[in-house]
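Take a look at the structure set out below.
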Amino acid sequence: MKQRLVFVPTVLLVSFMAWLVCAHASNGDVRIADAWASPTPPGITVGAAYVSFVASATDRLIGASSPIAERVEMHSMTMDGGLMRMRPLQDLALPAGKMVKLSPSGTHFMLIGLKQPLKAGAQFQLQLKFQLAGERSVAVQVRAQPASG
């Protein structure tokens with residue numbers, strides 16, 4: 001009887017550990033690159049930031065925050081009959097192995113309620129929340145937009 005009592009918890013523990021390893025492996029990872037933001041003039045309390053992502057497994061970006069802003073929202077930007085339209089996004093799909101690049105003429109982060117202007121040469125932290133990959137922090141460089149952008 002004693003062997004059976006020891007055996008059951010051991011089997012449960014080993015099974016649980018195997019499940020944790022598999023669950024963690026299936027979460028994948030997200031590579032984050034080219035995180036940058038545009039400088040803002042003094043007195044302006046909104047800014048924009050851009051990042052590129054490559055997820056090893058299909059994932060979703062479900063939120064973002066930064067200590068430099070009251071809130072961070074994801075927005076899509078499209079042109080419709082000569083008018084620029086911005087729409088807030090609840091999340092952003094990250095297909096496995098495909099680069100998703102946020103840009104000034106497309107999807108981007110809106111930094112709302114900036115606590116100070118964004119000055120070229122500075123950097124700040126952006127916390128990103130992924131559905132599967134969890135939370136990640138990235139340093140965002142403030143730089144002037146290229147002339148071709």
Side-chain angles (χ1 to χ4, degrees), residues 9 11-149:
V11 168
L12 289 175
L13 179 61
V14 169
S15 297
F16 179 70
M17 289 176 66
W19 175 82
L20 279 177
V21 169
C22 290
H24 180 69
S26 67
N27 284 350
D29 190 28
V30 177
R31 285 185 291 143
I32 303 167
D34 197 29
W36 67 283
S38 303
T40 58
I44 301 299
T45 60
V46 294
Y50 315 98
V51 182
S52 295
F53 306 98
V54 178
S56 62
T58 298
D59 204 342
R60 296 192 87 69
L61 178 63
I62 57 174
S65 63
S66 178
I68 64 145
E70 290 175 13
R71 70 183 191 275
V72 177
E73 297 179 357
M74 290 181 285
H75 284 204
S76 66
M77 195 281 288
T78 57
M79 295 301 289
D80 182 18
L83 295 174
M84 180 181 74
R85 299 196 186 274
M86 276 199 296
R87 303 266 189 254
L89 300 173
Q90 296 300 313
D91 58 16
L92 180 65
L94 303 174
K98 305 259 191 230
M99 179 177 283
V100 175
K101 186 173 184 173
L102 279 57
S103 67
S105 59
T107 302
H108 57 278
F109 291 112
M110 289 297 302
L111 308 166
I112 300 169
L114 286 172
K115 297 174 182 173
Q116 62 192 35
L118 300 178
K119 296 183 181 193
Q123 76 174 27
F124 61 90
Q125 291 297 307
L126 185 63
Q127 287 73 39
L128 305 170
K129 187 174 182 181
F130 300 93
Q131 188 173 36
L132 299 176
E135 294 189 24
R136 301 276 301 277
S137 184
V138 63
V140 177
Q141 301 295 318
V142 180
R143 64 180 192 231
Q145 185 177 345
S148 64

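Numbers here are sequence positions counted from 1. These numbers were taken from a predicted model, which means no experiment stands behind them.
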Minimum heavy-atom distance [X]-[Y], with the two atoms named:
X	Y	result
G63	M74	N-CE, 4.2 Å
S56	A96	O-CB, 3.8 Å
Q127	P67	OE1-CD, 3.6 Å
M110	V46	CE-CB, 4.3 Å
P42	P117	CA-CG, 4.0 Å
V138	A35	CG2-CB, 3.8 Å

[atom1]-[atom2] distance between [X] and [Y], expressed to the nearest 0.5 angstrom:
X	Y	atom1	atom2	result
L126	I68	CG	CD1	8.5 Å
L132	R60	CG	CZ	10.0 Å
F53	K101	CZ	NZ	12.5 Å
Q131	L94	CD	CG	10.0 Å

CA sep, side-chain torsions, deciding dist, call: L61, L89, side-chain contact (heavy atoms from CB on, under 4.5 Å): CA-CA 10 Å; L61 178 63; L89 300 173; over 6 Å; no
For the NZ atom on K115, are there more than 12 heavy atoms of other groups (residues, nucleotides or ligands in this structure) within a distance under 6.0 Å?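 Yes.
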For atom CE of M79, decide whether the heavy atoms of other residues, nucleotides or ligands shown that lie under 6.0 angstrom number more than 12.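 It does: M79 CE has more than 12 such atoms within range.
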Residues T40, L111; criterion side-chain contact (heavy atoms from CB on, under 4.5 Å); working and verdict: CA-CA 11 Å; T40 58; L111 308 166; over 6 Å; no
Are side-chain heavy atoms of H75 and P88 found at a separation under 4.5 Å?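 A side-chain contact under 4.5 Å exists here.
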Are the side chains of P95 and V100 in contact, using a 4.5 Å heavy-atom criterion?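 Yes, at least one pair of side-chain atoms sits under 4.5 Å.
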Is there a donor-acceptor contact under 3.5 Å from the side chain of R85 to the main chain of D80?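 It does not hold such a pair.
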Check: L114 main-chain N/O paired with T45 side-chain donor or acceptor under 3.5 Å: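 Judged by distance alone, no pair lies under 3.5 Å.
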Check the angle between the aromatic planes of Y50 and H108 and answer parallel, tilted or perpendicular using the 30° and 60° thresholds.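 Tilted, since the angle between the ring planes falls between 30° and 60°.
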Among I62, D59, D29, D91, find the one that has a side-chain contact (heavy atoms from CB on, under 4.5 Å) with F130.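 Among I62, D59, D29, D91, the one meeting side-chain contact (heavy atoms from CB on, under 4.5 Å) with F130 is D59.
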Could you please spell out the steps behind the side-chain contact (heavy atoms from CB on, under 4.5 Å) verdict for V54 and M99? CA-CA 5 Å; V54 178; M99 179 177 283; 3.9 Å; yes
